J.: 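Have a look at this one before I ask anything.
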Amino acid sequence: MSQKLILIDGNSIAYRAFFALPLLNNDKGVHTNAVYGFTTMLLKILEEEQPSHVLVAFDAGKTTFRHKTYEEYKGGRQKTPPELSEQFPLIRELLDAFHISHYELDQFEADDIIGTLARQGEKEDWDVKVISGDRDLLQLVSDKVSVALTKKGITNVETYTPSFMKEKMDVDPSQIIDLKALMGDSSDNIPGVPGVGEKTAVKLLNQFETLDGVYEHLEEVSGKKLKEKLTDNKDNAYMSKDLVTINVDSPIEVGLEKAQYEGYEYQKVSSFFRDLGFNSLLSRIGGEEAEAEEVNESLPEIEVETIEDIKEEHLAETTALVIEMLSESYHTADIEGVGIVHDGGKYFIPGDQALHSEVFKKWAEDANKKKWVFDAKKTLVAMKRYDIDVKGLSFDLLIASYIINPSENHHDIPAISQRMDRKEVAFDEEVYGKGAKMKVPDTEVLADHVGRKTDMLFQLKETVEEQLKENEQWDLYHELEMPLSQILGIMEYTGVQVDVDRLKQMGEDLKERLAELEKEVYELAGEEFNLNSPKQLGPILFEKLELPVIKKTKTGYSTSADILEQLQDKHPIIEKILIYRQLGKLQSTYIEGLLKVVHEDTNKIHTRFNQALTQTGRLSSIEPNLQNIPIRLEEGRKIRQAFIPSEEGWKIFAADYSQIELRVLAHIAQDEKLISAFKEGADVHTKTAMDVFHVSEDEVTDQMRRQAKAVNFGIVYGISDYGLSQSLGIPRKEAKKFIERYLESYPGVKAYMDEVVQEAKQNGYVTTLMNRRRYLPDITSRNFNRRSFAERTAMNTPIQGTAADIIKKAMIDLYHALEHEGLEARMLLQVHDELILEAPEAELEKLQSLVTKVMEETVDLEVPLKVDDEQGDTWYDAK
DNA sequence: ATCGGCACGC
DNA sequence: GACGTACGTGCCGATC
């Protein structure tokens with residue numbers, strides 16, 4: 001059997017991992033992010049490649065033989081951060097635990113060790129794969145040697161073979177050295193020929209094949225400047241060539257046999273993982289499969305009493321309560337059991353027993369009996385399904401955890417407890433399994449697990465509340481998110497009425513038009529294919545029809561709408577495809593997708609608002625997402641005709657904030673010009689155009705206003721100059737200028753942007769009006785991209801987050817106002833800056849003034865808030 | 001099952 | 001100079 005050798009560039013991968021992952025500490029305060037990243041990469045390779053031989057090469061010391069040729073080799077490099085240096089010994093330990101050999105050689109770099117072994121393996125006719133982040137290694141590619149370069153992150157790689165290289169870079173492996181010699185490499189301080197970049201170098205090599213070829217035929221090189229540069233820098237080019245050439249004949253003292261890999265010992269690796277706190281990786285290594293029972297056995301003892309018949313003595317004044325469902329969709333999920341923990345005991349009750357019990361209902365509905373829960377909204381909805389109106393939900397661990405740090409991805413009880421260094425609860429996945437294998441375990445196991453979660457909830461409450469108070473987020477939690485959670489629960493439970501027949505009719509019409517379009521596209525293409533597959537569409541457009549290639553994706557040609565639009569006048573097929581895409585989206589996502597989630601007996605849709613997800617404080621909506629129902633194009637907007645009031649004689653009423661983010665910006669930044677624009681009630685985009693282009697109101701063209709609008713959009717969403725250039729279809733430099741001119745026009749905004757970035761650097765986080773936080777660890781990153789992103793986030797989050805705070809508060813105020821006024825009107829949906837209600841026709845007039853007033857007055861800013869309202873028989877008509 | 005490409009909203 | 005560029009959800013095809 002053929003042998004497979006994996007050669008890993010240890011330094012390169014460690015660097016990659018270090019910069020790709022946030023600087024994590026384990027519980028002992030040791031930085032482990034590079035080790036962690038390295039480990040995930042290693043596990044993935046071992047699993048996917050099943051190699052017979054593995055070796056990790058490291059760079060030895062400070063100087064190498066290359067420094068003799070060129071003293072400045074790798075000069076100007078930032079020195080390795082100490083947070084990373086300290087992790088190299090751990091990486092070696094990791095490799096030892098895996099029984100994987102590693103090697104370094106004085107005066108030589110990891111590249112040379114890898115090159116030498118790769119050639120040896122090749123000679124033996126082995127399959128060799130090199131893993132690195134360093135493109136220099138591409139020179140090793142051959143029929144037997146492939147090179148996998150890390151892309152985004154660490155485990156995401158791109159494997160280079162000779163043919164892939166030719167396609168992607170338009171050069172052969174043998175030309176890589178000459179390519180580098182010409183273009184140089186700033187990160188290694190290799191000069192190359194100044195002024196020659198990748199594009200020129202590839203062009204030269206295509207014409208003359210090699211560096212020698214270029215110099216032999218210098219007179220044929222086009223361009224006087226280029227010829228001059230090449231002549232002047234001939235020495236540099238050849239020296240660069242020497243420097244980048246990997247020594248494939250290094251005096252290494254290890255042979256291929258040393259790299260033999262025979263698998264790792266579970267014990268050693270798992271204890272290494274435990275030492276470093278890599279608990280999430282434990283499940284990925286092949287040890288004995290952790291059975292549910294075993295999981296629980298390894299945890300500390302806990303006594304949970306399973307009771308069938310619930311009595312008052314099992315309940316208390318203050319109780320942690322968990323309603324356990326295995327499925328996320330709590331509108332329909334079965335309730336498997338109920339966990340109850342208080343000072344007097346720990347109980348588990350099978351779901352049906354609890355929810356059908358009169359004793360339980362009475363206790364649940366008693367507002368004086370305090371319930372501590374994880375996800376109050378879910379608890380409320382689930383219980384409402386059993387006609388229980390739960391009251392007294394006084395603590396919500398989910399919301400609290402989210403408020404404390406929204407950037408945590410896992411806010412479930414086991415994850416939270418683990419972060420607090422308590423390891424008494426198994427993860428749901430370990431107990432229930434996942435995907436198709438998910439199942440309800442035996443009652444004993446279920447009771448234990450639910451009991452543990454409930455117990456942990458009971459224990460964590462105090463600490464978490466202290467943390468909220470310490471962060472000055474108590475009000476945000478207690479006065480905003482907690483009350484909102486109840487309101488959202490009621491909204492979700494209420495649901496939105498859907499005109500199913502209407503949806504179905506639209507589906508029929510779409511089906512016909514799609515079939516027609518499909519036929520037309522096939523005719524124009526001259527063949528049939530799957531029109532929904534970009535992978536199949538690409539070759540048709542760009543090979544068969546020979547349309548110009550504007551952009552490629554990593555898997556082929558890009559066929560996205562903005563690319564197709566640029567091709568529109570080139571071929572009649574393009575327009576058909578665009579329309580097909582548009583209608584296809586409506587059909588699959590909005591017609592079929594919505595029909596799938598309509599409740600059969602009521603014809604209502606019940607979304608779920610995720611209140612603990614976004615980094616900015618906005619809500620999100622799932623199953624279905626009712627926050628992205630089409631509106632921009634008329635065709636799609638018609639979907640909204642299917643959203644109707646749930647009662648006869650009722651109407652849909654919608655109210656939205658006008659320019660809330662820009663108003664918030666004016667307020668936070670205290671920018672006089674922006675403030676006065678809003679106070680005057682000016683059209684803000686026109687005003688921006690006047691300020692940015694220095695023209696009077698009547699001189700503002702549509703084009704100028706459109707551009708100003710895009711800039712405002714960019715400011716609100718924190719997009720980059722690149723993002724703005726994309727949305728306007730202009731060069732990045734111009735986009736950058738627009739942003740600069742905007743900031744010159746609004747000095748208050750400029751000052752705010754600078755301040756908020758400083759604040760983020762100082763505190764490590766930014767805050768909103770109501771003290772919502774977003775941590776930005778990348779604000780001090782040495783990586784430009786990460787840092788820039790963090791800076792834009794610092795500027796944008798207080799704006800978007802404050803707007804989110806405001807509408808959330810408005811919802812609470814409105815809920816109480818409706819109650820206070822004795823109106824029947826109900827809130828149904830929130831779409832970031834608008835609220836959708838249904839109401840009896842007779843209430844509309846009152847509603848109009850009430851809703852507007854409540855929303856506009858919910859906070860008092862330097863600028864007025866403005867609310868527009870609409871009404872109609874369907875959501876579509878409320879426009 | 002999971003990923004990539006694409007498209008919808010704010 | 002740049003290895004990626006507002007936030008979400010969900011569909012499809014392709015892949016293993």
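Labels below follow one simple rule: chain letters A, B, ... track the order of the sequence lines, proteins then strands, and each chain is numbered from 1. Owing to the predicted nature of the structure, the values given are computational and were not obtained by experimental measurement.
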J.: Roughly how many Å apart are B:dG4 and C:dG4, using the P atom of each and rounding to a whole number?
T.: 13 Å
J.: If I take atom CD in residue A:Q800 and atom P in nucleotide C:dA6, what distance separates them, rounded to the nearest angstrom?
T.: 12 Å
J.: Do you know which two heavy atoms are closest between A:S12 and A:G133, and how far apart they sit?
T.: OG-N, 2.7 Å
J.: Specify whether A:Y402 and A:H411 have parallel, tilted or perpendicular ring planes, treating 30° as the upper limit for parallel and 60° as the lower limit for perpendicular.
T.: perpendicular
J.: Shortest non-hydrogen contact from A:M41 to A:I131?
T.: SD-CG2, 4.0 Å
J.: Tell me if a side-chain donor or acceptor on A:E834 pairs with a main-chain N or O of A:V831 at a distance below 3.5 Å.
T.: no
J.: Distance check needed: C:dG4 C1' versus A:Q726 CD, whole Å only.
T.: 11 Å
J.: Strictly below 4.0 Å, N to O, side chains only: are A:R618 and A:E661 in salt-bridge contact?
T.: yes
J.: With a non-hydrogen cut-off below 4.0 angstrom, is A:Q536 in contact with a base, only sugar-phosphate, or nothing?
T.: sugar-phosphate
J.: Using a heavy-atom cut-off of 4.0 Å across all strands, would you classify A:I719 as base, sugar-phosphate, or nothing?
T.: base
J.: Thinking salt bridges, do A:K736 and A:D721 make one under a 4.0 Å N-O criterion?
T.: no
J.: Among A:H606, A:R608, A:K596, find the residue that satisfies the side-chain hydrogen bond (donor to acceptor under 3.5 Å, both in side chains) test when tested with A:E623.
T.: A:R608
J.: Report yes if a side-chain nitrogen or oxygen of A:S620 is closer than 4.0 Å to either non-bridging phosphate oxygen (OP1 or OP2) of C:dT9; otherwise report no.
T.: yes
J.: Nearest whole angstrom, please: distance from the P of C:dG4 to the CG of A:D778.
T.: 13 Å
J.: Taking any heavy-atom pair under 4.0 Å as a contact, classify A:N783: base, sugar-phosphate, or nothing.
T.: nothing
J.: Expressed as a whole number of Å, how far does the P atom of B:dT2 sit from that of C:dA6?
T.: 27 Å
J.: Go through C:dC11, C:dG8, C:dT5 for me and flag the one nearest to the A:L613 side chain.
T.: C:dG8
J.: Please report, rounded to the nearest Å, how far the C1' atom of C:dC3 is from the CZ atom of A:R786.
T.: 12 Å
J.: Base, sugar-phosphate, or nothing for A:S788, non-hydrogen atoms under 4.0 angstrom?
T.: nothing
J.: How does DNA chain C look in dot-bracket notation if pairs are Watson-Crick or G-U with both distances under 3.5 Å, crossing ones as [ ], other-strand ones as |?
T.: ......|||||||||.
J.: Using atom CG of A:L594 as one end and atom P of C:dT9 as the other, report the distance to the nearest whole Å.
T.: 16 Å
J.: What's A:F784 touching, base or sugar-phosphate or nothing? Going by heavy atoms closer than 4.0 Å.
T.: base
J.: Does C:dC12 have OP1 or OP2 under 4.0 Å away from a side-chain N or O of A:S533?
T.: no
J.: Strictly under 4.0 angstrom, non-hydrogen atoms only: write out the protein contact profile of nucleotides 3-10 of chain B, one letter per nucleotide from the 5' end, B, S or -.
T.: -SSSBBSB
J.: What I'd like to find out is whether the side chain of A:R637 reaches to under 4.5 Å of the side chain of A:E634, using heavy atoms alone.
T.: yes
J.: What is the distance from OH of A:Y722 to P of C:dA6, rounded to the nearest Å?
T.: 9 Å
J.: Counting side-chain heavy atoms from C-beta on, which of C:dT5, C:dG8, C:dA14 comes nearest to A:R732?
T.: C:dT5
J.: One thing to verify: whether A:E481 and A:R772 come together as a salt bridge, which I'm taking to mean a side-chain N less than 4.0 angstrom from a carboxylate O.
T.: yes
J.: Can you list the steps and then say if A:K129 with A:E48 is a salt bridge (Lys or Arg N to Asp or Glu O under 4.0 Å)?
T.: CA-CA 12 Å; A:K129 188 164 189 172; A:E48 283 180 1; over 6 Å; no
J.: Please report the distance, rounded to the nearest Å, between CZ in A:F789 and P in C:dC3.
T.: 17 Å
J.: Hey, does A:S720 reach any base, or is it just sugar-phosphate, or nothing, if we go heavy atoms under 4.0 Å?
T.: base
J.: How many whole angstroms separate atom NZ of A:K44 from atom C1' of B:dT2?
T.: 12 Å
J.: C:dC3 and C:dC7: how far apart are their C1' atoms, nearest whole angstrom?
T.: 23 Å
J.: Does any N or O in the side chain of A:R774 come within less than 3.5 Å of the main-chain N or O of A:V766, such that one atom is a donor and the other an acceptor?
T.: no
